[in-house]
Student: 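If you scroll down you'll find the structure; I have some questions about it.
Whatever order the structure lists ligands and atoms in, that order sets their numbers, starting from 1.
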Amino acid sequence: MKVLIFNGSPRKGNTLTAIRAIEKGIESRPDAADIEITRIDAEGKNIVPCKACNACGSMSRCIFADDSPEINEAVEAADVIVFATPVYWWGVTAQLKLVIDKFYSRASKLGKGKKVGTVVIGGAELNDPEYDVIQKQFECIAGFLGWEMAFEKSISASGPKDLAGDQDTLAELEALGAGL
Ligand SMILES: Cc1cc2nc3c(=O)[nH]c(=O)nc-3n(C[C@H](O)[C@H](O)[C@H](O)COP(=O)(O)O)c2cc1C
């Protein structure tokens, strides 16, 4: 099984902590030796924003030279995809959105039937509508691409070390990883 984890945060904070807990859960599985985990940090990737030129329609890749072809290859190869992102202005981070927009250049070839997990982390309390808005966005993306939601986890954490001190949530994340 190939698990691809997207990290939408530019800093070493809560999102990375959540990802490490999920990875720990995956690594605790009896079949862990057969599981390959790849993490892509959206920050630092060279992604030209989609220009809607539609040149990709005939090439199945972006006409502009950037990192999107290799990212889309990793998506194509994955059986499970985890999107982990902080909330920025009631949405996913711009870094992650750049990556997702480029799915457009290979949408019909990415492959159906993948399992998707999402982790959305904001400073606001969990009753803020931002969590539902973003989780719904992931559900729509998965639905469009023929993928199935495996889990949707929303977390309230603000300072970069907040989640690291929340043992209950870390245990939940480990269980989600183990259950993928
Ligand atoms: C530019 C920016 C915008 C943000 N917008 C929101 C927001 O709309 N809602 C929210 O709850 N938190 C918002 N936050 C707080 C982050 O989501 C929160 O600190 C989160 O834990 C960051 O995750 P990280 O530690 O993985 O980077 C924002 C933070 C930044 C830097």
Student: Excluding sequence neighbours, so at least two apart, what forms side-chain hydrogen bond (donor to acceptor under 3.5 Å, both in side chains) with Asp79?
Tutor: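 Scan of Asp79 (side-chain hydrogen bond (donor to acceptor under 3.5 Å, both in side chains), adjacent residues dropped) gives none.
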Student: Can you list every protein residue that has a heavy atom under 4.0 Å from any atom of ligand 1, sorted by chain and residue number?
Tutor: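 Answer by chain and number: Ser9, Arg11, Gly13, Asn14, Thr15, Pro86, Val87, Tyr88, Trp89, Trp90, Ile121, Gly122, Gly123, Ala124, Glu130, Ala157, Ser158.
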Student: Is it true that Glu174 and Ser28 share a donor-acceptor pair across their side chains at a distance under 3.5 Å?
Tutor: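 Distance-only check fails for Ser28 and Glu174.
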Student: So, Thr93 side chain and Gly8 main chain: donor-acceptor pair closer than 3.5 Å or not?
Tutor: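 Yes, the answer is positive, given that a donor and an acceptor are paired below the 3.5 Å cut-off.
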Student: Donor-acceptor pair, distance only, cut-off 3.5 Å: does the side chain of Thr15 make one with the backbone of Asn7?
Tutor: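 Here the side-chain-to-backbone pair does not exist.
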Student: Starting from the C-alpha separation in whole Å, work towards a yes-or-no answer on salt bridge (charged side-chain N to carboxylate O under 4.0 Å, His left out) for Asp101 and Lys97.
Tutor: CA-CA 6 Å; Asp101 279 359; Lys97 188 61 166 48; 2.8 Å; yes
Student: Can you tell me how the ring of Phe83 sits relative to the ring of Phe103, calling it parallel under 30°, perpendicular over 60° and tilted otherwise?
Tutor: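 Tilted, since the angle between the ring planes falls between 30° and 60°.
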